[in-house]
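A short write-up of the structure that comes next.
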Amino acid sequence: MRTGHSTVERGAGRAADLELQIPRGEGAPADARLAVEELRERRHLPDSLSPDLQLLVSEIVTNAVLQPAQRAAAPLVLTAYVGEDRVRVALVDSGHGFGRGSKREAGGYGPFLLERLASRWGVDQLEQNTGTRVWFELPLATVS
Amino acid sequence: MDSPAPLEIHTKVEADKAELTVAGELDLGTATQLECAVQAALSRGPRELVIDLSKLTFMDSTGLRLFIAMYDEAAENGWTLQLLHPRGETLRIFEISGTDEHLPLVKAPG
């Protein structure tokens, strides 16, 4: 798995194209899908991006919601950056880490699908154990 | 934010067979709804449970886990499960995950 730190920009010095606090709950995956779909339309990104974008954002948010929260009230923060050739989506969870169970456990398919569909993805531990950032990138050009 | 689009579920039980048609998005927000509908249908004792997936517009791994658990339950309790006509992205996630090789999918003709 490609994990660890990313070398691409994390948006330092530039505002995110999407930044949204999502309440931790069963409706969070649908909220996140709606937000990235609105971003895709607003930025005129290709329709062909939609299936993978919808699925992977749903997976990372579902995974976060299903983890036993150390701080249940800690919000999830979804950000997205649209680059020239790719879109990068990240979810910061100040409640806990990213689960990597087997495929059949809750959340276990998330990492599996990220590995299959994302061009890059990873999990960053935030400083001083303040949470986790799960991110993935998808290319804007259609690859088939 | 809007609340998640509900999953629309229609159930038809006749003789030994229960058929559920699901339309909309199957995810963490709607999985319980489908689980409840399935349990309600099973309480009428069918030998066969068919779930028509052709009108599902979105499904993620929450759906995969649900169907895998349902298939295990069917094997344990002696009824059969069929997952009818997943299309488009729904079919793709069964295929990408490799679960299409284990789950009782009936693919749409064509």
Side-chain angles (χ1 to χ4, degrees), chain A residues 18-39 47-67 75-78 98-118 136 144, chain B residues 1-9 22-37 53 55-76 81 83 86-105:
Chain A
L18 169 69
E19 183 164 351
L20 180 69
Q21 271 207 17
I22 300 177
R24 189 185 297 274
E26 291 191 342
D31 287 348
R33 291 198 303 276
L34 187 64
V36 294
E37 187 59 13
E38 281 171 0
L39 169 71
D47 290 351
S48 58
L49 187 67
S50 186
D52 286 357
L53 193 55
Q54 293 280 295
L55 180 58
L56 294 186
V57 82
S58 207
E59 294 300 331
I60 62 174
V61 174
T62 298
N63 188 289
V65 173
L66 290 179
Q67 301 297 315
L76 303 170
V77 180
L78 181 72
F98 185 66
R100 291 178 175 280
S102 74
K103 275 201 283 183
R104 292 184 62 161
E105 287 169 20
Y109 277 105
F112 182 79
L113 293 169
L114 285 162
E115 188 68 22
R116 286 297 302 272
L117 299 175
F136 67 86
S144 60
Chain B
M1 275 287 151
D2 295 337
S3 55
L7 192 65
E8 223 177 278
I9 305 171
V22 292
E25 302 190 344
L26 177 54
D27 71 354
L28 193 63
T30 59
T32 312
Q33 219 184 311
L34 180 54
E35 276 180 301
C36 291
L53 302 178
K55 291 178 183 149
L56 213 50
T57 54
F58 177 83
M59 184 180 94
D60 60 19
S61 65
T62 299
L64 292 179
R65 285 193 302 276
L66 181 61
F67 292 131
I68 289 167
M70 217 180 275
Y71 191 40
D72 289 348
E73 195 188 328
E76 265 175 46
L81 174 69
L83 302 173
R87 289 174 202 277
E89 293 310 315
T90 304
L91 177 59
R92 194 178 69 124
I93 184 173
F94 282 116
E95 291 174 343
I96 294 170
S97 60
T99 51
D100 63 325
E101 291 175 20
H102 308 292
L103 288 172
L105 299 188

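Computed over heavy atoms, backbone and side chain alike; hydrogens, waters and symmetry mates excluded.
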For this session: Under 4.5 Å heavy-atom distance to chain B, tell me which part of A/Leu113 shows up: side chain, backbone, both or neither.
Result: side chain
Seminar exercise, completed: Cut-off 4.5 Å, heavy atoms of chain B, and the answer for A/Ile22 is neither
Exercise. Checking B/Ile96 against chain A: side chain, backbone, both or neither under 4.5 Å from a heavy atom?
Worked result: both
Exercise. Roughly how far, to the nearest 0.5 Å, is the CD1 atom of B/Ile93 from the OH atom of A/Tyr109?
Worked result: 9.0 Å
For this session: Could you tell me the separation between the CZ atom of A/Arg33 and the CD atom of B/Glu25, rounded to the nearest 0.5 Å?
Result: 4.5 Å
Is any side-chain heavy atom of [Y] closer than 4.5 Å to one of [X]?
| X | Y | result |
| --- | --- | --- |
| B/Leu28 | A/Val61 | no |
| B/Arg92 | A/Asp52 | yes |
| B/Ser61 | A/Phe112 | no |

For this session: Among A/Val57, A/Thr62, A/Leu56, find the one that has a side-chain contact (heavy atoms from CB on, under 4.5 Å) with B/Asp60.
Result: A/Thr62
For this session: Using a cut-off of 6.0 Å, state whether more than 12 heavy atoms not belonging to B/Glu8 lie near its atom CD.
Result: no
Exercise. More than 12 heavy atoms of other residues, nucleotides or ligands under 6.0 Å from CD of A/Glu19: is that the case?
Worked result: no
